[in-house]
Q: 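First the structure, which I've put down as structure tokens, then a few questions once you've had a look.
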Amino acid sequence: MHSATIDAVPKGLAAAAVLLVAALVGGACSSESGNAPKAPLAFCKAAANYDDRVSRNAKTDEQIRLVQRMVDTAPAKIKADTQTFVDALRRVEADPSVKDNARVKRAVENVNRYAAQGCGFYEQQGGGGI
């Protein structure tokens, strides 16, 4: 598993981004159950692209564009949480308190879980993540 660093984002929100990466890389094994949501391909591609770029130290502006693609392709079930995630990325530099907001943390966790379970990254890579 790779670790992500975000130069311009305070550590709290950076940790949320790392959680997304970790969920995409290793958390999808739970999608092997038959109850996992099936995410749209466009959302999965956007999530995988986000994971790739964050692992290469994408700056905040790029992360905002990448998460916005996830918002644009998110199904109704996860759209509001994905929007909360991108809104937090947009605000965090001006309002560092957003990094500790319970609603933001919960939204990012929900996006993590949905992407990990719905996209089947773990299964697609034979257990090695994306």
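All figures in this text were calculated on a predicted structure; none of them were measured in a lab.
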Q: Take Asn49 and Lys45 through the test side-chain contact (heavy atoms from CB on, under 4.5 Å) and record every step on the way to the result.
A: CA-CA 6 Å; Asn49 193 34; Lys45 285 183 179 182; over 6 Å; no
Q: Any ion pair linking Arg69 and Asp72 (charged N to carboxylate O, less than 4.0 Å)?
A: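 Not counted as a salt bridge, because no side-chain N and carboxylate O are separated by less than 4.0 Å.
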Q: With the side chain counted from C-beta on, respond yes when Val71 and Gln68 share a heavy-atom pair under 4.5 Å apart, and no when they do not.
A: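 In contact.
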Q: Say whether, by atom type as modelled, one donor and one acceptor occur between the side chain of Lys99 and the main chain of Val92 under 3.5 angstrom.
A: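 Answer holds: no.
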Q: Measure the spacing between CG of Asp52 and OG of Ser55 and express it to the nearest 0.5 Å.
A: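 If we round to the nearest 0.5 Å, Asp52:CG and Ser55:OG are 5.0 Å apart.
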Q: Say you draw a straight line from CZ of Phe43 to CE of Met70; how long is it, rounded to the nearest 0.5 Å?
A: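 Output value for this atom pair is 4.0 Å.
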Q: Please evaluate residues Ile78 and Asp81 with respect to the criterion side-chain contact (heavy atoms from CB on, under 4.5 Å), reporting the C-alpha separation (whole Å), side-chain torsions for both, the decisive distance (0.1 Å), and the verdict.
A: CA-CA 6 Å; Ile78 197 69; Asp81 287 327; 3.8 Å; yes
Q: State, yes or no, whether a side-chain contact exists between Pro75 and Tyr114 at a heavy-atom distance under 4.5 Å.
A: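 Of all side-chain heavy-atom pairs linking Tyr114 with Pro75, at least one is under 4.5 Å.
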Q: Rounded to the nearest 0.5 Å, how far apart are CZ of Arg53 and CD of Gln63?
A: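 Going from CZ on Arg53 over to CD on Gln63, the span is 10.0 Å.
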Q: Any chance you could measure Asp87, atom CG, to Asn101, atom CG, to the nearest 0.5 Å?
A: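 It comes to 11.5 Å.
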Q: Check Arg65 with Asp61, please: is the shortest side-chain N to carboxylate O separation under 4.0 Å?
A: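 Looking at Asp61 and Arg65, the cut-off is not met.
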Q: Run Val104 and Phe85 through side-chain contact (heavy atoms from CB on, under 4.5 Å) and show every step you take.
A: CA-CA 6 Å; Val104 170; Phe85 185 11; 5.9 Å; no
Q: Quick one: do Asn110 and Arg113 satisfy side-chain contact (heavy atoms from CB on, under 4.5 Å)? Show the steps, please.
A: CA-CA 5 Å; Asn110 290 341; Arg113 188 176 311 105; 2.9 Å; yes
